[in-house]
There are 4 protein chains.
Amino acid sequence: MAPTGPPDHRANPVRTARLAHKDASTIAAQPSRATGNDRSADSSATGSTGSRSTGSRRSEAARLAVLNAADDLLVEYGFEALTIEGIAAAAGVAKQTIYRWWKSKVDILFDNLVLDAGTALAWPEHPSGPADVRAYVHRFAAFLGEEPAGRVLQALLGHAQLDPRTAELLHGGFLDELRARDVAHVRTCLALADDDRAAVVLDAVLAPLYHRALVLRRPHDTAFVDALLDRQLDRQPAR
Amino acid sequence: MAPTGPPDHRANPVRTARLAHKDASTIAAQPSRATGNDRSADSSATGSTGSRSTGSRRSEAARLAVLNAADDLLVEYGFEALTIEGIAAAAGVAKQTIYRWWKSKVDILFDNLVLDAGTALAWPEHPSGPADVRAYVHRFAAFLGEEPAGRVLQALLGHAQLDPRTAELLHGGFLDELRARDVAHVRTCLALADDDRAAVVLDAVLAPLYHRALVLRRPHDTAFVDALLDRQLDRQPAR
Amino acid sequence: MAPTGPPDHRANPVRTARLAHKDASTIAAQPSRATGNDRSADSSATGSTGSRSTGSRRSEAARLAVLNAADDLLVEYGFEALTIEGIAAAAGVAKQTIYRWWKSKVDILFDNLVLDAGTALAWPEHPSGPADVRAYVHRFAAFLGEEPAGRVLQALLGHAQLDPRTAELLHGGFLDELRARDVAHVRTCLALADDDRAAVVLDAVLAPLYHRALVLRRPHDTAFVDALLDRQLDRQPAR
Amino acid sequence: MAPTGPPDHRANPVRTARLAHKDASTIAAQPSRATGNDRSADSSATGSTGSRSTGSRRSEAARLAVLNAADDLLVEYGFEALTIEGIAAAAGVAKQTIYRWWKSKVDILFDNLVLDAGTALAWPEHPSGPADVRAYVHRFAAFLGEEPAGRVLQALLGHAQLDPRTAELLHGGFLDELRARDVAHVRTCLALADDDRAAVVLDAVLAPLYHRALVLRRPHDTAFVDALLDRQLDRQPAR
DNA sequence: CAATAACCGAGACGGTACGTCTTGTCTTGCG
DNA sequence: CGCAAGACAAGACGTACCGTCTCGGTTATTG
């Protein structure tokens, strides 16, 4: 009997405690970047030292509480039951605080995605051949298929089919960049002649992964990924 | 001047005219089958004469008006702006009439999908080799990438990522069946030994198509489909 | 320790029970007249029998629950703490149901005022001399100074000082009519030559009453009213 | 083109200029006395030079900007549209600066009222008979019926009907004192035997003025005041 | 050829969430 | 320490849809 509805929106005066899998140190280095909420970005445009000269600063605790609450609620009750009011209540935050920094629940999830992807989908700094590609693809498959992060990406990909603004955000702010980066790394690691060839290889590997996750709804399967890589990466046996 | 919002929900007193691409004759043969709303299906199961003793029967005009209104509104304003009230108003139908026969807007779209797929994704009755597969895949790619029908499938696939009930409906009531049928036809047409092998070929072709449509958001491209088929069908025995 | 805040807005699924001092029979004859919400008024403009040909009718229970809840909350917590949400919760009614029939809390109070004044400020059908005026003025003073009704009139008079729309509603929809009626009756009862003379007498009596209630904040005092009447009504002793 | 809403709350960086009808010299002599926010009053009580040992003193410019902004906004957009945030923005002052010195917008208006009444409703220092009363009543009627000041008194009288705290402030801090002073002067000027008799005369004159202003909403009319005075002052011994 | 169900339009209703607005408190840095 | 700036928790606003529920009016069998 899966829980099908969200919980009561009773206040839950959350404080910095229980900020689960994202700790403040990580975030302080990267405050809400992707959606353009970033104030330092603005200031860098206007002046050198700038930022905001006076007044209170954004509450880091609130930001993290919101991101984590959204993540938790998404995993527990699903995207449809995810509401701004619910997130606010679960995070122990006022609704207006959310609207001040995010335009929609999609925006919040997007920030979560960027945060998670930043750590989970990194390429090694010094490429060292096809093994890097194998490792990356395994990491990608795991990211797509496992709990908090994959659920977010899945939801955003789904919602992007329904809402052009989400599609714009997801592609313009994440997928395009991700793909460009992946293509470049694949080209380097496999010593390919040009980006187009790298893109073909990348697609040949990623398309079945997306297909499995979004269309076939099959769970993450390491063996499947290995077989796929064997077939596409010059048929060199996986070990 | 792009229309960015839905229109007023001003009444649009039901017009059987302007029922565009679905005419009554087509539909009368297949009334609202997929979601189990169908009364004739029920009655045929329970008895021959009985069914419903007295009273008027379901209005075919209303059913078509709803299906078409939903389709039109989806194409014009998108899934997010699609509401039961909006459909009712656009169809010139009472809200309750919709709720009597469908459970949600997803249900309505699903009926549309089944209707459209029934004609667009048919296999020839007498299989005649790989050319059938090529033709079918081309038809499928077109279906996925072109206006009313593809938009519906795309929306439902997207929504299935967000809502388990939609996923259940879409897979249990459409995709699984479609896939089974496709596998069988591919096996026959390509003279493959077993279904697993046919499934591998099918996935190898469909995965890139779904990937392009859902993840890369590239438009339908006949050349791409041909290249894909050349690559996957010529060296069928992939080992 | 006076209660200074409103109670929790916990649902209070009120049903027709506890509809205090206004019973359905009274109201059925006069549904929400003053603010122009009345549908029969519309229909009388369009046709003879009319009203609304089909569909569900306005819920009398909801209307009474709202009016009484507003009254109760006003008396208990004051005008400032009176909110549409609070009324809805206390009446066990959805917010939208209130907005469907009233524009604001002022509108609701106004309906209450009209309702109460209709019974409390009636003149006898057959005028019989100065005694009628005395009786009426006493009734008016009591109305102004006692609980539910006076509180409403006081609040509306106060709010009319702050908001032109309230002033327009209160004067155009109630006070002007009341005054015209009062002038006419005073003229008849005192056998005065013209309306102007009657207005002077009426103002001479009412001004001190309003002054006491609104400016001096003195409680209702029968002796004061009698003395006032003695002075203004031809100095005939009050007995 | 009547402006029906308040303007944007765009910052209006404090301008000491355009402080209209209250100049600094007037105010310096009487800073924010009535609500007890006054620091100089405190300091004058504690010592002569000392007052507040360190830190900056209250900004006179800010105080005046707030008072005038409140007045202007009240006159232009009405009491309902008057908000602390709006006043702060219009005055080019931080919200907290307002909250530091006043408890509510009513408090601000009250300070304005006391300020204006101090000059407009003064009695001559040396009473010289009934003519003084006539002059005072004319001044009072003008005060009640004309722009900035009358609007404030009207608003506060109205709000006092809705909010006990406002009533307490207005009566305890202004009206009672005003009335006591008026009664004393009337008694002296008309050579009446006791205060009660003076109060009766005063009420007989003021009640119709308040009635006209608050209930009948008639504009200020010198002829009406004269007629009223003729009637009430000539037959002073009303028995 | 009535009676009698069921359909259908209309739309009121109890709800939930939306996104906005204002309140009163607070925090941060400048002067 | 006052002040400008403004983030924050709180909570009401008025709107939009949801899904349920009467209402009458309209068909279309079926007794």
Side-chain angles (χ1 to χ4, degrees), chain A residues 5-6 9 11 13 52-59 61-62 81-86 88 92-101 103-105, chain B residues 6 9 11 13-14 39 51-59 61-62 81 83-86 88-89 92-101 103-105, chain C residues 6 9 11 13 52-59 61-62 81-86 88 91-101 103-105, chain D residues 9 11 13-14 39 52-59 61-62 83-86 88 92-101 103-105:
Chain A
H9 292 170
R52 192 163 257 84
S53 59
T54 184
S56 41
R57 296 303 195 281
R58 176 172 188 176
S59 159
L82 188 63
T83 67
I84 298 277
E85 299 208 331
V93 139
K95 213 170 22 158
Q96 184 56 45
T97 297
I98 295 185
Y99 281 109
R100 204 183 336 269
W101 302 108
K103 276 187 217 142
S104 64
K105 61 178 178 176
Chain B
H9 291 171
V14 74
R39 291 187 297 118
S51 77
R52 201 160 250 86
S53 57
T54 181
S56 45
R57 293 304 190 277
R58 176 172 188 178
S59 158
T83 67
I84 298 277
E85 299 209 329
V93 140
K95 214 167 32 151
Q96 185 55 43
T97 299
I98 295 185
Y99 280 109
R100 204 181 339 263
W101 303 108
K103 276 185 216 146
S104 64
K105 61 179 180 176
Chain C
H9 293 170
R52 193 163 255 84
S53 59
T54 184
S56 40
R57 295 305 193 283
R58 176 169 187 178
S59 159
L82 188 64
T83 66
I84 298 276
E85 298 208 332
V93 139
K95 211 167 25 155
Q96 186 56 45
T97 297
I98 296 186
Y99 281 109
R100 200 176 349 259
W101 302 109
K103 275 185 218 146
S104 64
K105 62 179 179 177
Chain D
H9 291 171
V14 74
R39 290 187 299 120
R52 199 162 248 87
S53 57
T54 182
S56 43
R57 294 301 189 282
R58 175 170 188 179
S59 158
T83 67
I84 297 277
E85 301 210 329
V93 140
K95 214 169 32 154
Q96 185 54 43
T97 299
I98 296 185
Y99 280 110
R100 208 185 331 268
W101 303 108
K103 276 185 218 148
S104 64
K105 62 179 180 176

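A note on names: the letters A, B, ... follow the listed sequences, proteins ahead of strands, and every chain is numbered from 1.
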Taking the side chain of [X] as its heavy atoms from C-beta onward, which of [options] lies nearest to it?
X	options	answer
Ala94(B)	dA10(F), dA10(E), dG29(E)	dA10(E)
Glu85(C)	dT27(F), dG14(F), dC13(E)	dG14(F)
Gln96(C)	dT27(F), dC17(F), dA5(F)	dC17(F)

* **Under the side-chain contact (heavy atoms from CB on, under 4.5 Å) test, residues paired with Ser104(A) that sit two or more places apart** =>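 Partners of Ser104(A) by the side-chain contact (heavy atoms from CB on, under 4.5 Å) criterion, ordered by chain and then number, come out as Val106(A), Asp107(A).
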
* Look at the side chain of Ser56(B) and the base of dA28(F), then say whether one donor and one acceptor between them are separated by less than 3.5 Å. =>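 No.
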
* Any donor-acceptor N/O pair under 3.5 Å between dG14(F) base and Lys95(C) side chain ->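 Side chain to base: pair present.
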
* Could you check Ser59(C) against Tyr99(D) and say which one's nearest nucleotide on DNA chain E is further toward the 5' end? =>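 With Ser59(C) and Tyr99(D) compared, the 5'-side residue is Ser59(C).
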
* Which sits closer to the 5' end of DNA chain E, Leu82(A) or Ala62(C), going by the nucleotide each is nearest to? ->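 Comparing both residues, the 5'-ward one is Ala62(C).
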
* Asked: Looking only at heavy atoms, what is the nearest atom pair of Ala94(C) and Ala88(C), with distance?
  ->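 Nearest heavy atoms, Ala94(C) then Ala88(C): C-CB, 4.3 Å.
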
To the nearest angstrom, how far is [X] atom [atom1] from [N] atom [atom2]?
X	N	atom1	atom2	value
Arg57(C)	dG11(E)	CZ	C1'	10 Å
Ile98(B)	dA10(E)	CD1	P	12 Å
Arg100(B)	dT22(F)	CZ	P	14 Å
Lys103(D)	dT25(E)	NZ	P	11 Å

* **Distance test, side-chain N/O of Trp101(A) to OP1/OP2 of dA7(F), below 4.0 Å** =>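 Indeed not, no polar side-chain atom of Trp101(A) lies that close.
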
* Rounded to the nearest 0.5 Å, what separation is found between the NZ atom of Lys103(C) and the CD1 atom of Ile84(C)? ->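 Result: 12.5 Å between the selected atoms.
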
* side chain to side chain donor-acceptor pair (under 3.5 Å) partners for Lys105(B), two or more places apart ->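 With sequence neighbours excluded, Lys105(B) shows a side chain to side chain donor-acceptor pair (under 3.5 Å) to no residue whatsoever.
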
* Asked: Between Thr97(D) and Ile84(B), which has a closest nucleotide on DNA chain F that is more 5'?
  ->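 So the residue in question is Thr97(D).
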
